[in-house]
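What follows is a set of notes on a single structure, which appears directly below.
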Protein chains: 2
Amino acid sequence: MTAGAPEGYDPHAFAPFAVTVDLAVFTVRASRLHVLLVERGEEPYKGHWALPGGFLLPRESADLAARRELAEETGLGQDTVRGLHLEQLRTYSEPDRDPRMRVVSVAYAALLPDLPEPRGGGDAVRAKWWDAGTVGVLAFDHERILADAYDRIGAKLEYTCLATAFCPAEFTLGELQQVYETVWGVELDRPNFRRKVLNVPGFVQAVEGPPRRTGGRGKPAALYRAGAATTLHPPLLRPEGRTE
Amino acid sequence: MTAGAPEGYDPHAFAPFAVTVDLAVFTVRASRLHVLLVERGEEPYKGHWALPGGFLLPRESADLAARRELAEETGLGQDTVRGLHLEQLRTYSEPDRDPRMRVVSVAYAALLPDLPEPRGGGDAVRAKWWDAGTVGVLAFDHERILADAYDRIGAKLEYTCLATAFCPAEFTLGELQQVYETVWGVELDRPNFRRKVLNVPGFVQAVEGPPRRTGGRGKPAALYRAGAATTLHPPLLRPEGRTE
DNA sequence: CAAATAGTGTCTGTCAGACATTATTGG
DNA sequence: CCAATAATGTCTGACAGACACTATTTG
């Protein structure tokens, strides 16, 4: 900022802002993208579904608040949550986005491997995974946030290693391909997908031992871990240039 | 957010958050990337240089506040500022980033064509364009914000039309190439750059009339305007995969 | 063996970088 | 004519999509 607060500024005299985080938590289950929603137990929007989130504590960064809320809503351990990739999306600050007062919200996207149903802790009545294509009307401006999150995730798959965040620690290339196909809503050619993934240095790393795993009936697939890279060179561009 | 504010929440009883915007305003002049900085006239960090910015007004979105501050610092008209591309970078919320109180700041990047020296209005002692490679120690966490902004701009040039925001309304392909070379710090092959730019539908649009403009001594160059597209298909990837 | 999934090999058109060449201006 | 900049053309190697084929498992 350029200067001090307005003339004679006193934090308690000025109309204060509340600051919250909102989370778009995604997972891939049954070849469909799912998002974690909570049912609101209080006004406003009581009974509506909303993105999980909540207020920043007085000495907490938005990043920490997001991880705390994520742990509360999913039942994941603090240590698990600490290592997860949280992607800060953007901040929503329209004056009337919350009817009660002035609330500025920092939105995050989180990517999880498939998990059991959330235990629905925290303040929410209950939490549930929804098919991302069929969520209805959400509270506040959360539909907008969810749409922005979806766009961002799809774009980030092209040039970052984010897709591995949807997979368990060890995964097959088929599972990784499923993530791309599900998020992008396209079908990819398996041999070409394989070639491109293995050509990106540091994207995936073969798990040494002969351990393999079956995915139903066919030949067992080799296992991989996420590699050291964070960005993809070259990127995996999605087909047909449909980024609009 | 999932639920109402904490038990018995009253906006004035709770430790309030102040919300500000900070702007990384870039331009290309003399083949160097420059950033607009202001000298602080008050404590803390009195005498230090900082990114322009300021507090949100009670009923103002961060986006509007950023445009207002930009107009104040650069002397650009309200109408000019309204049409500019402002890129929201991310939000900085570490509890101690401002020694006075809890300040959450929404950072923006703005790209301008080369402009005269700013008139240095607003609260700042003075405002000045600095070579982006030689800025010293900045106030608050503004060095971090500036570095993040620089990274984002470089990446966005690859897959969006952002580069045209650095150019005047009508520009030559040579000028556009200068933008890429300056921000990325590389030299590009002119014929190939030309071919790729013209191959992207909607990136640039030839200005019809035979009007041309000279850049010193050689052959006058054809003029172009920014096209209708916002994203580049295919993208203009920077050479040597140096995105780390 | 048939079905299903994993993995390899090959062909071909497109496009990238590299660079030669022509065009148009001022001095 | 020379220097400087703009614009066009060409060559070649790398890589993308498409797809045929082999490998390994279960029923």
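In the text below, chain A, chain B and the rest are named by the order of the sequence lines, each starting its count at 1.
- Remark: P of C:dA6 and CZ of A:F171 are 14 Å apart, rounded to the nearest angstrom.
- Distance, A:R238 CZ to D:dG17 P: 14 Å, rounded to whole Å.
- Among residues two or more places apart in sequence or in another chain, the ring pair (Phe, Tyr, Trp, His ring centres under 6.0 Å) test is passed with A:F193 by A:Y180.
- Taking atom CG of A:L188 as the reference point, atom C1' of D:dA18 lies 14 Å away to the nearest angstrom.
- In terms of modelled atom types and a separation under 3.5 Å, the side chain of B:T182 and the main chain of B:L33 share no donor-acceptor contact.
- Listed by first then second residue, pairs satisfying salt bridge (Lys or Arg N to Asp or Glu O under 4.0 Å) with a partner in residues 172-183 of chain A read A:E175-A:R213, not counting sequence neighbours.
- Nearest nucleotide to the side chain of B:K219, out of C:dG7, D:dC19, D:dT5: D:dT5.
- Closest to the side chain of A:P220, out of D:dT25, D:dA20, C:dA16, is D:dT25.
- Comparing C:dA6, D:dG27, D:dA18 by their closest approach to the side chain of A:R217 singles out D:dG27.
- The distance from atom CG of B:L237 to atom P of D:dA14 is 18 Å, rounded to the nearest whole Å.
- You'll find the ring centres of A:Y159 and B:Y159 inside the 6.0 Å limit.
- Of the candidate nucleotides D:dA4, D:dA20, D:dG27, D:dA20 has the atom nearest to the side chain of A:P191.
- Each end of the helix from C:dC1-D:dG27 to C:dG27-D:dC1 gets its own axis from five base pairs, and the two axes differ in direction by 0°, given to 10 degrees.
- Here salt bridge (Lys or Arg N to Asp or Glu O under 4.0 Å) pairs that include residues 136-153 of chain A, with residues two or more places apart or in two chains, are A:E87-A:R152, A:R97-A:D141, A:R144-A:D148.
- Here the side chain of A:T164 pairs a donor or acceptor atom with the backbone of A:C161 at under 3.5 angstrom.
- Residues B:E69 and B:P52 are not in side-chain contact: their nearest non-hydrogen atoms beyond the backbone lie 4.5 Å or more apart.
- By the ring pair (Phe, Tyr, Trp, His ring centres under 6.0 Å) test, A:W129 pairs with no residue at all, sequence neighbours left out.
- Candidate nucleotides C:dA16, C:dA18, C:dT5 were compared by shortest atom distance to the side chain of A:R190, and C:dT5 ranks first.
- Contacts between residues 192-200 of chain B and DNA chain D, counted as heavy-atom distances below 4.0 Å, involve B:R194, B:R195.
- Taken to the nearest 0.5 Å, the CG atom of B:L89 stands 10.0 Å off from the CG atom of B:D22.
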